[in-house]
Amino acid sequence: MKNKIIFAVICIIALIFGFNTDVNNLVTFIVKPFSILGGALRNLSLQSGFGNFLAILLFVLISIIPLMILIRMLINKKAKILDCISLIVISLFTFLSIYGYINPTILLDRFDVYNLFTPATENYEMFVFILNSFYVYILYLCIGIYLVLKMHFTENLDILKIFKRIIIVVIAVYIFAIFYVTIPTFINNLSSETTTAVTGLQVIELFNKITIYILLILIFINVEKLIQYMGQADFKEEALSYSRIIYKLCIILLIAILSFQVVNNLYQVVFISSLTDVNASIYVPLDALLISVTFFFLGKYLTKVYDLNEEHNLIV
Amino acid sequence: MAIKIKLKEMLKEKNVTSKELCEYVGITEANMSILRSQKAKGIRFETLDKICKYLKCKPGDIIDYEGETDEEN
């Protein structure tokens, strides 16, 4: 019940943000915290002398959070070379990521276009946002590399726990994809100037994306439940039932992916005279396809494992 | 399956309880029940060895084949 409430809140927040942004893109969403924080610190520093001091203090404190984690690890004698190098680099890019939004000219000065782009220029803020995204992307990538290497070098890694957390993040991403990107983009693109046929095509694409995302969410929810049983010595019947649900959902997803392509192409053929832009295509979302195929075979494999386990239990 | 486990009869003959045998062999009552009720898919040599040792019998006294043989055919 608690998880459902949390996910419901995530959906509402995603919808609110989705309708209030110019660019609906999950990648830009991960940059937003830095732009918001940088903007807030910039405003604080411009308030007064004390505000400036406070802004600098907060900025430094936030930037050195990775370094503080490193110091704590050094005190506890748990720090390795990987931690030392990675956390210093992460701290550096945290500093640059926030500073780029506090002082936008730091990057603009390096481009000749600075003469063209001033705060008065249209889309100036968007340009600053995109330019400073470089640092933020590098930061996230460095964190990703650090975590992967850390997992690789850690002994007694609780793999199932980490896998469970990754799945929860993936579910949250797909929820955001529906409520932050897909639905707001569809509604924002609706226009009285488009023909009914074009609107119909947009509706098909909307249903296509939402169906795929919902099926993926359901698959991952069941995978998360299955993981609870995979760590146990006994292969319980509940694990078998979840694996069966997973591979059935995967079959439905595969059929849905292919069916929507049929509907899409057929619709364009029927209404070709009313459409402003036609696109005969076989588009298959590879990530959804890969996930469905992988978990389909996993589900089948686990069913066989259960049968083997049952047989093994009957050998005294 | 034509293979039959005559454990129930042996226990009665040797006047040994199921529980005593379980404790000696090191298997659970549930597994013993699987053996006695003919539901077992197999038996480990180690388990068979301990059963025979405790009951002082041969494997043939516990396991019997009740299907048609080539001689009968």
Side-chain angles (χ1 to χ4, degrees), chain A residues 155-164 167 219 221-252 254 292-316, chain B residues 1-70:
Chain A
E155 292 169 6
N156 302 323
L157 192 67
D158 193 345
I159 295 169
L160 290 176
K161 197 177 172 184
I162 292 169
F163 193 33
K164 228 176 151 179
I167 283 175
I219 289 170
I221 286 172
N222 282 287
V223 167
E224 194 261 332
K225 287 178 184 173
L226 177 63
I227 284 169
Q228 290 175 24
Y229 296 101
M230 284 180 77
Q232 297 169 1
D234 279 334
F235 197 106
K236 295 200 186 323
E237 205 166 334
E238 288 90 347
L240 179 68
S241 67
Y242 284 126
S243 64
R244 282 186 181 143
I245 291 169
I246 287 165
Y247 78 68
K248 279 179 187 169
L249 284 170
C250 290
I251 291 173
I252 295 170
L254 283 167
S292 58
V293 168
T294 302
F295 285 118
F296 171 75
F297 284 113
L298 176 69
K300 279 281 189 187
Y301 172 74
L302 287 172
T303 309
K304 280 201 168 180
V305 167
Y306 177 78
D307 291 338
L308 278 170
N309 189 62
E310 278 295 290
E311 198 168 315
H312 179 262
N313 285 341
L314 291 174
I315 296 174
V316 179
Chain B
M1 199 160 46
I3 300 281
K4 298 292 173 202
I5 303 290
K6 298 185 296 182
L7 192 58
K8 207 170 166 182
E9 293 83 353
M10 279 307 295
L11 285 172
K12 206 173 173 182
E13 188 183 313
K14 300 288 180 178
N15 204 21
V16 169
T17 64
S18 182
K19 191 177 173 185
E20 286 168 353
L21 186 59
C22 285
E23 281 171 10
Y24 180 80
V25 174
I27 60 174
T28 60
E29 291 262 18
N31 281 346
M32 184 61 73
S33 173
I34 288 170
L35 255 183
R36 289 170 59 183
S37 61
Q38 314 294 332
K39 286 181 183 168
K41 294 268 181 180
I43 184 166
R44 293 188 179 87
F45 286 133
E46 190 189 337
T47 307
L48 186 59
D49 176 60
K50 286 183 180 175
I51 291 172
C52 291
K53 201 173 272 183
Y54 193 77
L55 296 176
K56 295 183 174 63
C57 64
K58 290 197 166 119
D61 298 328
I62 297 169
I63 303 171
D64 195 14
Y65 180 76
E66 292 179 1
E68 286 179 6
T69 61
D70 286 341

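Predicted model, so just to flag it, every value in this text is computed and none were measured. The chains referred to below are lettered A, B, ... by the order of the sequence lines, with proteins before strands, and numbering in each begins at 1.
Under a cut-off of 6.0 angstrom, the local environment of NZ in B/K14 is crowded, with over 12 non-hydrogen atoms contributed by other residues, nucleotides or ligands.
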Inter-chain polar pairs, chain B versus chain A: which donor-acceptor atoms lie under 3.5 Å apart?
unit_1 : atom_1 : unit_2 : atom_2 : d
B/K41  : N      : A/L314 : O      : 2.8
B/G42  : O      : A/V316 : N      : 3.0
B/R44  : N      : A/V316 : O      : 2.7
B/R44  : NH1    : A/I315 : O      : 3.2
B/R44  : NH2    : A/H312 : NE2    : 3.3
B/T47  : OG1    : A/V316 : O      : 3.4

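Distance CD1/B/I43 to CG/A/L314: 13.0 Å, rounded to 0.5 Å.
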